[in-house]
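Can you read through this structure? Questions will come right after.
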There are 2 protein chains.
Amino acid sequence: MFKTEPSTDKGEQTRRHIFDCALELFRENGFDATTMQEIALRADVAKSAAYYYFPGKEAIIQAYYEAVQDEQERVCRRIFAGSGNLKARLAAAMHAKFDLAKEDRKLLGVVFRYTGEPEHPLSCLGAGTEEIRRRSIGVFREAIAGERLPKDLDQLLPVALWSLQMGLLILFLYDRSEGQRRTRRLADGALELTLKLLALAKLPVLKPVRTKVLSLLREADLLPEG
Amino acid sequence: MFKTEPSTDKGEQTRRHIFDCALELFRENGFDATTMQEIALRADVAKSAAYYYFPGKEAIIQAYYEAVQDEQERVCRRIFAGSGNLKARLAAAMHAKFDLAKEDRKLLGVVFRYTGEPEHPLSCLGAGTEEIRRRSIGVFREAIAGERLPKDLDQLLPVALWSLQMGLLILFLYDRSEGQRRTRRLADGALELTLKLLALAKLPVLKPVRTKVLSLLREADLLPEG
DNA sequence: CGCAGGATTTGAACATGTTCAAAACTGAGC
DNA sequence: GCTCAGTTTTGAACATGTTCAAATCCTGCG
């Protein structure tokens, strides 16, 4: 993903050490207020060593984002294995990410920095983050696997849920209520609503709406394998 | 909004001149690739003069964003005055912004840079941009004024439409189709759908859904005057 | 051992956003 | 016209992200 991954064990350790020190400092002082000098100082290496392992300061954030994604997948797989109904699985997926992010709201914000800049390697909707996005959507795919859904919804739902999660994550960052319970409740409510709509989507009155939504999204190339 | 506005006529002119030169360069080379030195050079002033008028490079982008908003309001007021039906008015509001942004997709992306950082003065959802956001939502409020809507929808709709617009703007930035027609079609379709749903919202089957949506959003503090 | 070749690490530069104290300018009041 | 207070403008620093060529370290091999 970045340069070449370190090829020796020592290199791997150094990389990890720099990463840990950087996260510590980011958590203490925020991303912008932390200088590469400070990171290097705490990690007891030269400033340029950090650049040997990370292409730039923001790449450290991307590594953090990947770590969060790893963790969410671990947590969710464990929960999904214990079955649970659909709603519980979806809620687990959402809240898992919130739980992981809750101490790092300042950090996570940086992940969204290049949302509007398609070419930027760190754009959270761009090519540089495709892998992580695919995995993130995959969690929802796994959550709804086993449900008997029409094929079109099978494609639509994971992307829709992922979008919902991204939106809620932003709200989460702005939410100053204790433990971000407002966002968490909204997440629960939105999921409940989604499931209700899923049921309603079969009603005849709503058939044209459903068709319309799907064709719109397909035309806009917002669904996998257009 | 920034420091104090320039207080003499000459100052106003200089500010404007620096702003124009900066936009030229941003359009030619993109935001990040343009240095303050270059801006100052083209404007034929000292680098620090730019900092006298703008607190930083990104403040120039915010000024640009404000200029776009001014222009959208002018355009929309003119169109709204010629009445037109609801759908036409909403479409006009959406497309007006697209039209203004279409030559500046690289610039506009920067507006979204601090979306995930509530404290940042340029966060497009934060306190520092409240004024511009209020005006942006206001355009939709004006577009639907004159419709006879239930009071709750009267509050909900402008915010919902504004959110839709923000989301579509991001898609717009990623849309590589000629003239971004994909996004424009999606916008049209989404509006049509919104109006259809508005009509459906009165159906008895959907009453609980509507109530639920509203109470959720209200609880999440996502509606004006809680 | 001693060396070759790669991986790691370094320190010294560089580029550029930002700050600041001082200089230059301007215009109102005398 | 002169003075003075406020505004504008400047050049020189500074802070910090980033680059790079060289030095050092390691490891497998003869």
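What you see is a predicted model; the values in this text were computed from it and never measured. We use all heavy atoms of the structure for the numbers below, so side chains are in, but hydrogens, waters and symmetry mates are not. Throughout, a chain's letter reflects where its sequence line sits, starting with A, and its residues are numbered from 1.
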Does A/D175 offer a backbone N or O that forms a donor-acceptor pair with the side chain of A/Q180 under 3.5 Å?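 Checking the backbone N and O of A/D175 against the side chain of A/Q180, a donor-acceptor pair under 3.5 Å is found.
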Tell me which of A/Q37 and A/S48 sits closer to the 5' end of DNA chain D, going by the nucleotide each one is nearest to.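 Result of the comparison: A/Q37.
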To the nearest angstrom, the CE-P distance between B/M36 and D/dG11 comes to 16 Å
Is A/K10 close enough to C/dT9 that one of its side-chain N or O atoms is under 4.0 Å from OP1 or OP2 there? yes
To the nearest Å, how far apart are A/Y51 OH and D/dT19 P? 7 Å
Starting at atom CG of A/D32, determine the distance to atom P of C/dT18, rounded to an integer number of angstrom.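 So the two atoms are 11 Å apart, to the nearest Å.
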When the distance from OH of B/Y52 to P of C/dA24 is rounded to whole Å, what number comes out? 17 Å
Expressed in angstrom and rounded to an integer, what is the separation of A/I18 atom CD1 from C/dA7 atom P?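 After rounding, the reported distance stands at 17 Å.
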Whole angstroms only, please: what is the NZ-C1' distance between A/K47 and C/dT8?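 Nearest whole value for this atom pair: 19 Å.
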Is it the case that B/Q69 and B/E73 place a side-chain donor and acceptor less than 3.5 Å from each other? yes
note: A/N29, atom CG; D/dT16, atom P; distance rounded to Å ~ 12 Å
For residues B/Y52 and B/T14, is any side-chain donor paired with an opposing acceptor at under 3.5 Å?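 Looking only at side-chain atoms, B/T14 and B/Y52 do not form any donor-acceptor pair under 3.5 Å.
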Of the listed nucleotides (D/dT16, D/dT10, C/dG17), which one gets closest to any side-chain atom of A/T35?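 For A/T35, the side-chain atoms sit closest to D/dT16.
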Side chains of A/Y114 and A/E119: do they bring a donor and an acceptor to under 3.5 Å? no
Nearest-Å distance, CD (A/Q13) to P (C/dA7)? 18 Å
Per nearest nucleotide of DNA chain C, the residue lying toward the 5' end, A/D44 or B/E58, is A/D44
